[in-house]
Number of protein chains: 2
Amino acid sequence: MATIYEVSKLAGVSLATVSRVMNNNARVSDKTKQKVLDAMNELGYRPNASARSLASNRSDSVGIMVSELHGPFFGQMMAGIESELRAAGKHVIFTTGHSEEEREKDGIEFLMGRNCDAIIIHVEVVTDDYLVEVSQGNTPIYLLSRYVEQLKEKCISLDNEVGGYLATKALIDHGHNKIAYIAGPQFKADASNRLLGHKRALQEHGIEFNSDLLFIGDFKETGGSEGLKHFIDNQLSFSAVVCANDEMASGAMKYAREHGYTLPNDLSVIGFDNVIFANYLYPTLTTIDNPVEKMGRMAAKMVLTDIYKRKDLSIERVFEPSLILRNSIVESK
Amino acid sequence: MATIYEVSKLAGVSLATVSRVMNNNARVSDKTKQKVLDAMNELGYRPNASARSLASNRSDSVGIMVSELHGPFFGQMMAGIESELRAAGKHVIFTTGHSEEEREKDGIEFLMGRNCDAIIIHVEVVTDDYLVEVSQGNTPIYLLSRYVEQLKEKCISLDNEVGGYLATKALIDHGHNKIAYIAGPQFKADASNRLLGHKRALQEHGIEFNSDLLFIGDFKETGGSEGLKHFIDNQLSFSAVVCANDEMASGAMKYAREHGYTLPNDLSVIGFDNVIFANYLYPTLTTIDNPVEKMGRMAAKMVLTDIYKRKDLSIERVFEPSLILRNSIVESK
DNA sequence: TTGTAAGCGTTATCAG
DNA sequence: CTGATAACGCTTACAA
């Protein structure tokens, strides 16, 4: 592998000059520049990333820590981050925490040890305090889909309250007023904010919140079926159910169908997140879009702006969810 | 950040000795080793990855190039690779090709420029020849879900022929003998091998292959609906259809239902791949499992064995698919 | 605009 | 078993 040294010899200039042209951060005459470029070409020169990193104390790499790779979000989020960063010549190192506290911490520290210039973090189980502590180290961190007050400059999140509001409002707009709600675990901020939005929608439309029609699920398919079972077993009357995520919506739909409901006529269902399979469910699921790919892109842009001093990118920290109308909700009879 | 130099001073030993204990690749007396360890601890020492890489000509990182991040495979595959590699203290750099030839090539070269110790590649559009050429460079490459004769030692693939066989056999075992087949693009080896398996299953069971009952789709949802439309419009008689992947199965099911079929009674459908949403379809999709996560793990193991000289891992290059029975096929009447 | 030279933090060779 | 010391390939003051 050719080194900068051989390039400099072939081009008849000094090491420093070669370095300058690769980084084009200092004035070099067009003529010498061309000589250098030619020499590089001729030798098939490729800069050595480790050497650059060692000398410059930058690695041109950013780390990503995700809690899980399996979920439906992951792919899109990563895609957003990667395409933005790669276009800027940075590379992406990733690791996962498998939704376990120790492994999440471990992963973050692993990435810091790799001299990442920044780390983008999408985790669930680690505490806010830990993140604040980490943020005081020398590697800047950015948080995706999570809002931590002290780190708000570094957070990219979805307005879940508005999302919850939109979901319930969509049902109300279709004439429903007996609306059940299957929530996610309330210690998760996403889940509790979505529920808040639900309550606001009810209130704004003069519908009283009935706690019998609330079930706290686990954000998984089972949570959805359990929730629906609960409502049915308790002989509650409702014509629609909002599920705090699509997985639970899927579980609820499955349970309903297995118990004699014809969907969507007997029961309107709305989900949240707009994951890929929402479009494969039967009926196709009306849901609230969670623009994870865009959010990933934005995280990358923040890094580019803050760390790599790019000037031309506009930053946005809170994303608005939107309603995706499909076939799982119908007018109330 | 503390360096090896400060550690050596605090421990009262030489640089070399400190290096030895971090790599524990040479004998160091227990006593000095302990002194060094203590010093490291006290200083919160973290080795500098770039410096190590520069000096040792190893980066302890392996690259992954995937064609797409969006597909349902990606997450599982990456998860498999990452967890295996991370456990070995290696890190993973990834990039994507967006299924475009230039970007795939570009990505591969990008990773080579990053001094990856090896690259695991899962691509579709780049040619075999290109891969062979790349394999002659100094960065070893490994191919996932792809078989290239000249690189067979480096390939991890699924036995698609057997998979196709199993799918059709499952239908035959359920009493079907008028079986339609919606294939994938035949220039893709996966697709053509699956079709081969289908034909073998028919033949072994004395059913003549009828080319009217073959449709070449695009591996997407639309391909499935178009295929089914084709068969129906041509008034062909069939009680079951095998789709060469789950996406197409989903499209076929959607089309069938929209055209008056009650599933699975009026039509048995089987897919291929066992992607996540197969379990969310209605009825849940019987399909052939494509063990992408395991294959990812195996790719990592090959790298660990070949490149990092781990001795204790058993290698397997061709994976067997298996039948996943769910609710989308029933006995033929 | 260009060149010189001192690092950057390790590893690895060679002695001892 | 341990210590010097020369790389590794590049960046970046500082000079010229």
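Within every chain, numbering begins at 1; the chains are lettered A, B, ... in the order of the sequence lines, protein sequences first and strands thereafter.
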Filtered N/O pairs between nucleotides 11-13 of chain C and protein, under 3.5 Å:
unit_1	atom_1	unit_2	atom_2	d
C/dT11	OP1	B/N23	OD1	3.4
C/dT11	OP1	B/N23	ND2	3.1
C/dT11	OP1	B/R52	NE	3.0
C/dT11	OP1	B/R52	NH2	3.4
C/dT11	OP2	B/S19	OG	2.5
C/dT11	OP2	B/N23	ND2	3.4

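- Atom CG of A/N24 is separated from atom P of C/dT1 by 13 Å (rounded to the nearest Å).
- Judged as a salt bridge (charged side-chain N to carboxylate O under 4.0 Å, His left out), the pairs with a partner in residues 51-66 of chain B (not counting sequence neighbours) are, in order, B/R58-B/D60, B/D60-B/K90.
- Between A/T96 and A/S67 the shortest heavy-atom distance is CB-O, 4.4 Å.
- With a cutoff of under 4.0 Å to any heavy atom of chain B, the contacted region of DNA chain D is bounded 5' to 3' by D/dC1 to D/dG9.
- Evaluation of the ring-ring contact (aromatic ring centres under 6.0 Å, His included) test over residues 83-137 of chain A, restricted to residues two or more places apart or in two chains, returns A/F94-B/F94.
- Among residues two or more places apart in sequence or in another chain, the salt bridge (charged side-chain N to carboxylate O under 4.0 Å, His left out) test is passed with B/D159 by none.
- Take B/R46 and apply the salt bridge (charged side-chain N to carboxylate O under 4.0 Å, His left out) test, not counting sequence neighbours, and it matches no residue.
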Tabulate below the donor-acceptor pairs under 3.5 Å that side-chain atoms of residues 24-31 of chain A make, not counting sequence neighbours, or state none.
unit_1	atom_1	unit_2	atom_2	d
A/S29	OG	A/T32	N	3.2
A/S29	OG	A/T32	OG1	2.5

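- Counting heavy atoms of neighbouring residues, nucleotides and ligands inside a 6.0 Å radius, atom NZ of A/K33 does not exceed 12 of them.
- Electrostatic pairing of A/E149 and A/K152 counts as a salt bridge here, judged by a charged N lying under 4.0 Å from a carboxylate O.
- End-to-end axis angle of the helix from C/dT1-D/dA16 to C/dG16-D/dC1, from C1' rotation axes over five pairs per end: 30° (rounded to 10 degrees).
- Scanning for salt bridge (charged side-chain N to carboxylate O under 4.0 Å, His left out) contacts around A/D128 gives A/R146, with sequence neighbours left out.
- Residues from residues 27-36 of chain A that place a heavy atom under 4.0 Å from any atom of DNA chain C, listed by number: A/R27, A/V28, A/S29, A/T32.
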List, one per line, each side-chain donor-acceptor pair under 3.5 Å for residues 297-307 of chain A, sequence neighbours excluded.
unit_1	atom_1	unit_2	atom_2	d
A/R297	NE	A/E84	OE1	2.8
A/R297	NH1	A/E293	OE2	3.3
A/R297	NH2	A/S83	OG	2.8
A/T305	OG1	A/K301	O	2.8
A/D306	OD2	A/Y142	OH	2.6

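- Checked against ring-ring contact (aromatic ring centres under 6.0 Å, His included), A/F73 has no partners two or more places apart in sequence or in another chain.
- The 12-atom threshold is exceeded at CG of B/D38, counting heavy atoms of other residues, nucleotides or ligands nearer than 6.0 Å.
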